[in-house]
Amino acid sequence: MKSTLPICLILFALVFVLQGCKTKAENAAAKALTSAEQGAALAQFKLGKMYASGEGVVEDKIYAYMWVNFADIQGLGKSASEFKSELVKQMTPTQIAAAEKLSLECKNKGYKDC
């Protein structure tokens with residue numbers, strides 16, 4: 001009977017290498033998401049900006065609006081309000097409605113798994 005240890009070591013190494021292939025932006029987005037899910041307004045704002053530009057995540061104006069909106073509601077400041085206003089100019093009414101709905105759903109889940 002052949003040992004499965006070499007196969008397990010190869011698979012472990014492959015997983016380790018693939019996880020290490022994340023870009024700095026992807027790692028930053030993952031960290032921002034962790035903090036944003038805990039309700040940190042600054043992380044929510046940062047994550048929203050990342051979604052708006054596609055930095056480390058897939059560009060998505062709806063998610064960008066949702067996260068920036070949370071930061072704005074928490075009173076992060078003028079920068080969040082202004083950025084949200086700029087996002088609105090780039091979105092259709094249907095996208096804004098979808099973002100508002102997503103915001104409500106996410107808030108009801110305590111910002112988790114949004």
Side-chain angles (χ1 to χ4, degrees):
M1 181 196 258
K2 293 183 179 181
S3 173
T4 58
L5 183 60
I7 294 170
C8 290
L9 289 174
I10 290 169
L11 289 174
F12 176 77
L14 181 61
V15 168
F16 183 76
V17 167
L18 290 176
Q19 286 181 342
C21 290
K22 286 186 177 179
T23 66
K24 287 182 182 181
E26 289 170 332
N27 287 328
K31 288 178 184 179
L33 177 61
T34 298
S35 295
E37 288 181 331
Q38 295 172 359
L42 188 56
Q44 291 169 340
F45 180 58
K46 180 178 181 179
L47 189 58
K49 288 179 72 173
M50 293 177 94
Y51 270 108
S53 67
E55 180 187 348
V57 294
V58 175
E59 185 176 331
D60 189 319
K61 300 292 188 218
I62 293 171
Y63 275 89
Y65 178 96
M66 179 189 74
W67 286 114
V68 171
N69 188 44
F70 290 144
D72 188 31
I73 289 170
Q74 290 193 70
L76 185 62
K78 190 176 179 180
S79 57
S81 300
E82 288 177 355
F83 195 81
K84 186 169 82 171
S85 294
E86 289 302 313
L87 275 175
V88 167
K89 293 176 187 176
Q90 301 170 27
M91 297 170 72
T92 66
T94 303
Q95 288 175 312
I96 295 166
E100 290 287 344
K101 181 181 178 190
L102 188 62
S103 293
L104 181 59
E105 291 170 359
C106 186
K107 183 180 176 190
N108 289 339
K109 293 191 298 186
Y111 307 120
K112 303 284 186 212
D113 302 319
C114 297

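Computed from a predicted model, the values in this text were never measured in an experiment.
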Could you tell me whether a side-chain N or O of Glu55 sits under 3.5 Å from a main-chain N or O of Ala28, the two making a donor and an acceptor? no
Please report the shortest heavy-atom distance between Leu76 and Ala41, naming the atom on each side. CD2-O, 3.9 Å
Let me check something: any side-chain donor-acceptor pairs from residues 60-68 under 3.5 Å, sequence neighbours excluded? List them with distances.
unit_1, atom_1, unit_2, atom_2, d
Asp60, OD1, Ile62, N, 2.9
Asp60, OD1, Tyr63, N, 3.1
Lys61, NZ, Ala52, O, 2.9
Lys61, NZ, Glu59, OE2, 3.3
Lys61, NZ, Gln90, OE1, 3.2
Tyr65, OH, Glu100, OE2, 2.3

Sorted by chain and residue number, the salt bridge (Lys or Arg N to Asp or Glu O under 4.0 Å) partners of Lys24 (sequence neighbours excluded) come out as none
Would you kindly confirm whether Ile73 and Ile96 end up in one hydrophobic cluster when ILVMFWY residues are joined by side chain heavy atoms under 4.5 Å apart? no
Pair up each side-chain donor or acceptor in residues 105-114 with any protein partner under 3.5 Å, not counting sequence neighbours, and list the distances.
unit_1, atom_1, unit_2, atom_2, d
Asn108, ND2, Leu104, O, 3.3
Lys109, NZ, Asp113, O, 2.9
Lys112, NZ, Glu37, O, 3.4

Pairs touching residues 87-97 that satisfy salt bridge (Lys or Arg N to Asp or Glu O under 4.0 Å), sequence neighbours left out: Glu86-Lys89
List in chain and number order the residues that pass side-chain contact (heavy atoms from CB on, under 4.5 Å) with Thr94, two or more places apart in sequence or in another chain; answer none if no residue qualifies. Thr92
Closest non-hydrogen contact found for Ala80 with Phe45 is CA-CE1, 3.6 Å
Heavy-atom pair with the smallest gap, counting every atom of Leu47 and Ala29: CD1-O, 3.9 Å
Going from CG on Leu87 to NZ on Lys49, what distance comes out if it is rounded to the nearest 0.5 angstrom? 10.5 Å
Those residues that, when tested against Asp72, pass side chain to side chain donor-acceptor pair (under 3.5 Å) (two or more places apart): Ser81, Lys84
